[in-house]
Amino acid sequence: MDNTHDIVIIGAGLTGLTTAFALHQKNRNVTILESDNKIGGQIQSHHVNGFIFEGGPNTGVIKYPEVMDLFHSLNDKCELEVAKESAKKRLIWKGNKFHVLPSGPISAITTPLFTTYDKLRILTEPFRAKGNNPNESIAELTKRRLGSSYLNYAVDPFLAGVYAANPMTLPTRYALPKLYELEQDYGSFILGAIKKARQPKTDRDKTATKEVFSTRGGLSNLTKAMADKIGSDNIILKTKSISITPSADGFVIDYTVNGEQHQIKCNKVVTTCGAYSLPTMLPFVDKGIMETITNLKYAPVIQVGVGISDTKGVCHNAFGGLVPSKEKRDVLGILFPSDCFAQRAPERGAAYAFFIGGMRHPEMVDLSDEEIKQLVINDLHSMMKYPATIQPDEINIYRHDKAIPQYESSTGNRLKSISLLQQTYPGLVIAGNLRDGIGMGDRIKQAYDIAASM
Ligand SMILES: Cc1cc2nc3c(=O)[nH]c(=O)nc-3n(C[C@H](O)[C@H](O)[C@H](O)COP(=O)(O)OP(=O)(O)OC[C@H]3O[C@@H](n4cnc5c(N)ncnc54)[C@H](O)[C@@H]3O)c2cc1C
């Protein structure tokens, strides 16, 4: 035995680091085991010749007070950066150009994105019957309540942006639980949204502003800040072949570092890695139960950071543009981080993030770097309307085989199995983005909830 630890956390991504940091704040003894040689997990910011490109997430939403709690606790180490006003402008591709997604009553009437029939039909949305299929997909629900054009030109591109998903395969209650509850609790999206907005909020609730955030200088500054507070002695990198065994008074964990075998004991263990890592990590779990957890599918995604040093005045001033499946283009969407955050590109330049693949085009992640670069250059001219004389100065490709978990109809059984295992083996917590939401806000909230429960 090397030593005995109180709480061991597997994974130094956003979930693992936030859980460890929240526990560290409560003076708990925490150790993180991370298989990679660096912290951050999917969060990796790259500084390249005056550009900042994110390899994973670009932005989160301040959807829970815990997001603000985290940044307040770290304000001596990193700075929350709330997106500029331009982030409120969202674009959707239709025909041969981007159109602004309506944000008010006038633009909702004049937008060419939706049909006149659906625009009129939406007035009767509060009177439509409530759905009774708990596994109804987001596509079916949207068609039923709002109409096909809202599905095709609002919900489908939104899901491509968030889940890299196909709206036909995601049940609303797992993928967009708040939307599901609006219909179930209030009978209508419109009435539900109005009633919820009118509900009294505590001062703490009000800190969840729903604004878009990053961290000044890139999101890696957030994970680095937490790692600094937790202390490098408490984060063990390059830990391979982790195997956890329940014992009379907690857990025994075997792992190797650089081929050398280690064994530690702990009272509690929190896993935050993907479902695919769990079978070797939890070998004591019945195969049938494990199968209900590991059958989680992940969308593969390629993110391409594109930098232009001098845009010669080309400017979009928006959060980014999403592409509906119907439009049959290669990219899922393009984000414009330098329109939303400071210092993401040289003064006269711009930084973009192109997304390729997802459940829509999983075959595209097999394209070579050269093919990806050509695709991005073509779209820079055809979609972003850059003249042929302007070519990108930087193209950086970040590949993710297992980017975004898909909360399909198997989710219910997965949650049951996790809950059963946690009850059977007190002190074991199976966390991470295999449950409770995929966004950074969800990850932070889950981490604080776990820390509070320990
Ligand atoms: C391309 C992309 C774009 C995204 N965009 C957004 C966005 O704009 N907004 C948003 O809110 N979210 C976005 N997300 C989702 C968001 O990044 C994730 O939900 C979040 O970062 C996941 O954090 P995590 O700690 O749960 O998992 P991870 O970041 O995956 O961390 C898990 C950690 O566990 C480690 N690990 C895995 N297996 C083992 C093992 N066997 N032993 C030890 N360690 C192990 C991994 O190395 C990793 O460090 C995006 C994700 C991707 C991939």
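For ligands, and for the atoms within them, numbers begin at 1 and follow the listed sequence.
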Nearest-neighbour protein heavy atom for atom 24 (P) of ligand 1, which is reported as residue plus atom name and distance: Thr15 OG1, 3.3 Å
Any donor-acceptor N or O pair under 3.5 Å, side chains Thr292, Asn413: no
Backbone or side-chain N or O of Gly55 under 3.5 Å from ligand 1 N or O: no
Subset of ligand 1 atoms that lie under 4.0 Å from at least one heavy atom of Ala403: 53 (C)
Least distance between heavy atoms, Ser338 atom then Ala350 atom: OG-CA, 3.3 Å
Lys/Arg cation over aromatic Tyr153: Lys94, 6.0 Å, 45° cone: yes
Under the salt bridge (Lys or Arg N to Asp or Glu O under 4.0 Å) test, residues paired with Asp366 that sit two or more places apart: none
Closest protein heavy atom (residue, atom, distance) for atom 50 (C) of ligand 1: Ile404 CD1, 3.8 Å
Numbered atoms and elements of ligand 1 in range of Ile438, under 4.0 angstrom, heavy atoms: 12 (N), 15 (C), 16 (C), 18 (C), 19 (O)
Close-contact set for ligand 1 against Gly41 heavy atoms, below 4.0 Å: 29 (O), 31 (O), 48 (C), 49 (O)
Numbering as shown, the atoms of ligand 1 that approach Asn58 to under 4.0 Å (heavy-atom distance): 8 (O)
Identity and distance of the protein heavy atom lying nearest atom 11 (O) of ligand 1: Met440 N, 2.7 Å
SB check Arg360 Asp156 (cutoff 4.0 Å): yes
Cationic N near anionic O, under 4.0 Å, Glu183 to Arg173: no
Distance-only donor-acceptor pairs under 3.5 Å for side chains of residues 158-170, two or more places apart:
{"from": "Tyr163", "atom 1": "OH", "to": "Ala175", "atom 2": "O", "distance (Å)": "2.8"}
{"from": "Asn166", "atom 1": "OD1", "to": "Met168", "atom 2": "N", "distance (Å)": "2.9"}
{"from": "Thr169", "atom 1": "OG1", "to": "Asn166", "atom 2": "O", "distance (Å)": "3.0"}

Nearest protein heavy atom with distance in Å, relative to atom 46 (C) of ligand 1: Glu34 OE2, 3.5 Å
Region of Met281 that comes within reach of ligand 1 [heavy atoms, distance under 4.0 Å]: side chain
Numbered atoms of ligand 1 (with element) below 4.0 Å of Gly11, judged on heavy atoms: 33 (C), 34 (O), 35 (C)
For His400, atoms of ligand 1 separated by under 4.0 Å from a heavy atom: 1 (C), 53 (C)
Proximal ligand 1 atoms for Thr272, defined as those under 4.0 Å from one of its heavy atoms: 32 (C)
Arg443, portion touching ligand 1 at heavy-atom distance under 4.0 Å: side chain
Polar side chain donor-acceptor pair, Ser214 to Glu81, under 3.5 angstrom: no
Protein contact to atom 44 (N) of ligand 1 [nearest heavy atom, distance to 0.1 Å]: Ser35 N, 3.1 Å
Within reach of ligand 1, part of Ile242 (heavy-atom separation under 4.0 Å): side chain
Atom of Glu327, atom of Trp93 and distance for their closest heavy-atom approach: CG-O, 3.5 Å
Minimum-distance protein heavy atom relative to atom 51 (C) of ligand 1: Gln42 OE1, 3.4 Å
Residue part near ligand 1, for Ile39, under 4.0 Å between non-hydrogen atoms: neither
Under 3.5 Å: N/O of Gly60 near N/O of ligand 1: no
Residue pair Met281 / Cys273: nearest heavy atoms and the distance that separates them: CE-SG, 3.6 Å
Over-ring placement of Lys402 relative to Tyr276, 6.0 Å and 45° cut-offs: yes
Protein residue, atom and distance nearest to atom 5 (N) of ligand 1, heavy-atom basis: Pro57 CA, 3.2 Å
Spacing of Leu182 atom CG and Tyr180 atom OH [to the nearest 0.5 Å]: 12.5 Å
Region of Asn433 that comes within reach of ligand 1 [heavy atoms, distance under 4.0 Å]: both
Heavy-atom nearest neighbour in the protein, as seen from atom 7 (C) of ligand 1, with distance rounded to 0.1 Å: Thr59 O, 3.3 Å
Location of contacts on Ile10 toward ligand 1, heavy atoms closer than 4.0 Å: side chain
Enclosure of Gln343 CD (heavy-atom neighbours >12, cutoff 6.0 Å): no
Which segment of Ser277 sits under 4.0 Å of ligand 1 when only heavy atoms are counted: side chain
Closest contact, heavy atoms only, Pro177 versus Tyr174: CD-O, 3.7 Å
